[in-house]
Amino acid sequence: MVSPVEQPSFLNFLEDNKIGFTVLNENVQTLIDAEIKHQATVPKTPREISFNQYYRHSEINIYLEELAVQYPDLVQLESIGLSYENREMVVIKISTGGNGNRPAVLVDGGIHAREWIAPAMALYIIQQLVENNAANSDLTDEVDWYILPVLNPDGYEYSHTSDRMWRKSRSAIPTTTQVCRGVDQNRNYDFHWMENGASDYPCSEIYAGEEAFSEPENQHIRDFAEAHKDQIKLYLTFHSYGEYLLYPWGYTSALPSDWQTLQALAEEVDDAHAAAGGNHFSIGTSTNVLYAAAGGSDDYMKGVVGIDLSFTVELTDTPYGFELPASLIEPTVTRFFEGVRVFGRHVKENF
Ligand code: 0X9
Ligand code: ZN
């Protein structure tokens with residue numbers, strides 16, 4: 001994005017350097033204004049969740065609590081800790097039984113604040129597996145699901161209240177007078193931390209933190225994954241945007257030894273998404289298909305926790321980028337749910 005003031009010099013710069021370009025959005029603020037208006041007009045009834053609006057963090061937590069009350073045999077909630085600004089981070093466990101020894105899928109969304117479609121995707125999976133369980137029972141009869149819809153609740157709220165394009169957490173370094181806040185939580189995991197595609201400058205959008213796991217939110221999901229690592233066979237982390245299905249590694253261009261399994265599974269997911277009317281995704285390792293960036297959750301879950309099947313999903317955006325209008329939530333999440341089915345079935349059939 002370029003501000004109106006900077007636009008002429010930016011265009012000159014592109015021209016001088018013979019850099020071709022296409023404009024995706026003439027005026028992103030128009031989209032933001034329309035979104036604010038829409039968010040203010042839609043009725044807020046978290047219990048009957050809908051997919052024509054984006055929910056706030058507190059509304060998401062209320063919805064999870066109501067599911068736990070209404071479906072006590074299927075749903076359990078676990079508070080995994082507080083965010084930097086003391087928001088409660090709640091993992092919903094969806095399980096039809098089996099004494100905790102069934103294979104499980106771990107899902108998170110919203111590690112990047114402005115990627116609003118990611119928590120919405122996580123919520124849709126929850127809603128389908130719980131409220132529409134009869135139609136999706138094949139996904140829960142032998143597999144458990146652990147889902148954390150918002151891994152960066154402080155940033156998510158900040159993107160609703162103050163800066164729609166906020167990406168990072170909201171922590172401040174106590175020992176410095178540094179004005180810039182927040183850490184890119186997807187550079188903060190302790191696996192080849194800071195080796196690649198990350199910054200040690202606190203004002204950078206990809207600031208990796210003062211040290212690995214400086215962020216309480218990252219510590220909480222790490223501890224949760226560690227505690228359930230024998231059970232968890234597949235990890236999915238939702239982002240936007242760009243329509244990518246990515247698998248490790250993000251810190252190196254080298255391939256993991258089981259890359260063919262990851263590639264084949266991603267291709268099957270992509271086919272299901274396309275059959276439901278979605279676009280084809282770009283598939284491959286993060287480094288080779290997108291860019292090198294160390295300290296990401298996908299690499300950590302595979303490289304340290306030992307969850308072999310680990311994927312980053314960059315959902316659909318076209319042509320809105322992060323500003324996906326609320327009217328496109330439903331088509332986006334319903335199409336990708338067909339891909340989620342493939343992930344679920346793979347776990348059911350292979351573990
Ligand atoms: O840069 C990221 O963290 C992700 N892309 S985003 O545009 N949503 O910010 C991609 C992460 C891929 N995984 C790793 N690099 N480990
Ligand atoms: Zn992201």
Side-chain angles (χ1 to χ4, degrees), residues 1 24 54 106-122 148-156 158-159 163-169 182-199 204-209 212-213 215 217-218 221-222 225 235-256 259 262-263 266 281-305 307-318 320-324 332 336:
M1 287 188 297
L24 290 181
Y54 293 105
L106 174 63
V107 178
D108 66 49
I111 190 171
H112 288 143
R114 63 194 171 194
E115 300 168 9
W116 287 7
I117 190 64
M121 184 72 234
L148 175 63
V150 191
L151 183 43
N152 173 11
D154 300 345
Y156 183 68
Y158 193 72
S159 73
D163 178 353
R164 178 65 184 82
M165 289 298 143
W166 192 256
R167 167 181 170 95
K168 301 188 284 180
S169 66
V183 164
D184 182 347
Q185 290 177 225
N186 216 29
R187 302 291 181 277
N188 193 237
Y189 287 84
D190 194 5
F191 185 67
H192 298 273
W193 181 75
M194 273 293 295
E195 279 181 19
N196 231 329
S199 172
S204 165
E205 286 282 61
I206 52 169
Y207 175 48
F213 283 119
E215 302 310 281
E217 300 83 3
N218 290 48
I221 188 78
R222 169 199 63 195
Y235 170 68
L236 275 185
T237 180
F238 285 104
H239 289 248
S240 69
Y241 56 91
E243 305 190 314
Y244 293 95
L245 274 164
L246 305 171
Y247 52 85
W249 305 113
Y251 78 96
T252 172
S253 58
L255 299 173
W259 73 271
L262 293 153
Q263 176 75 24
F281 282 62
S282 305
I283 303 172
T285 76
S286 300
T287 304
N288 296 334
V289 175
L290 191 57
Y291 43 65
S297 68
D298 46 5
D299 278 13
Y300 185 83
M301 292 300 173
K302 184 173 177 66
V304 179
V305 182
I307 305 168
D308 292 336
L309 305 172
S310 175
F311 297 89
T312 294
V313 182
E314 300 278 359
L315 287 164
T316 303
D317 55 289
T318 323
Y320 299 100
F322 302 114
E323 259 304 317
L324 189 74
T332 304
F336 199 78

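For the single chain, residues carry numbers from 1 onward in sequence order. Order of appearance sets the numbers: ligands from 1, and atoms from 1 within every ligand.
Inter-residue side-chain proximity for F281 and V313 is flagged as met; some heavy-atom pair is nearer than 4.5 Å. With a 4.5 Å cut-off on side-chain heavy atoms, N288 and L255 count as touching. Between E205 and D184, the closest side-chain pair of non-hydrogen atoms is not below 4.5 Å. Looking only at side-chain heavy atoms (C-beta outward), W249 and K302 come within less than 4.5 Å of each other. Within the 4.5 Å cutoff, side-chain heavy atoms of E243 are placed close to those of T316. A heavy-atom distance below 4.5 Å is found between the side chains of L315 and M121.
Residue L290 places no N or O, backbone or side chain, under 3.5 Å from any N or O of ligand 1. For D184, no nitrogen or oxygen atom sits less than 3.5 Å from a nitrogen or oxygen atom of ligand 1, counting backbone and side chain alike.
Between atom 7 (O) of ligand 1 and the options Y291, Y251, Y247, Y189, the minimum heavy-atom separation is to Y291. Closest heavy-atom approach to atom 9 (O) of ligand 1 among the candidates H192, R114, M301, R167: R167.
Taking every non-hydrogen atom of H239 and a distance limit under 4.0 Å, the qualifying atoms of ligand 1 come out as 8 (N). Below 4.0 Å from some heavy atom of S286 lie the following atoms of ligand 1, by number and element: 12 (C), 13 (N), 14 (C), 15 (N). Each of the following atoms of ligand 1 lies closer than 4.0 Å to a heavy atom of A293: 14 (C), 15 (N), 16 (N). Listed by atom number, the atoms of ligand 1 under 4.0 Å from E115 heavy atoms are 6 (S), 8 (N), 9 (O).
With P119 as the fixed residue, the side-chain contact (heavy atoms from CB on, under 4.5 Å) test singles out one of Y54, F238, Y156: Y156. For the side-chain contact (heavy atoms from CB on, under 4.5 Å) test with I111, the passing option among N188, T312, L148, L151 is L151; the others fail.
Atom-to-atom distance recorded for N152:CG and R167:CZ is 10.5 Å, nearest 0.5 angstrom.
Residue S240 places a heavy atom under 4.0 Å from ligand 1.
Ordered by chain and number, H112 ND1, E115 OE1, E115 OE2, H239 ND1 make up the set of protein N, O or S atoms under 2.8 Å of the Zn ion (ligand 2).
Remark: the D108 side chain and the Y235 side chain contain an N/O donor-acceptor pair separated by less than 3.5 Å. Under the 3.5 Å distance criterion, with hydrogens and angles disregarded, a donor-acceptor pair is assigned to the side chains of S159 and W116.
The backbone N or O of R114 sits less than 3.5 Å from a side-chain atom of R164, completing a donor-acceptor pair.
Of the protein's non-hydrogen atoms, N186 ND2, 3.5 Å is the one closest to atom 11 (C) of ligand 1. Here the heavy atom of the protein found nearest to atom 13 (N) of ligand 1 is D298 OD2, 2.8 Å. Given atom 4 (C) of ligand 1, the protein heavy atom at minimum distance is E314 OE2, 3.2 Å.
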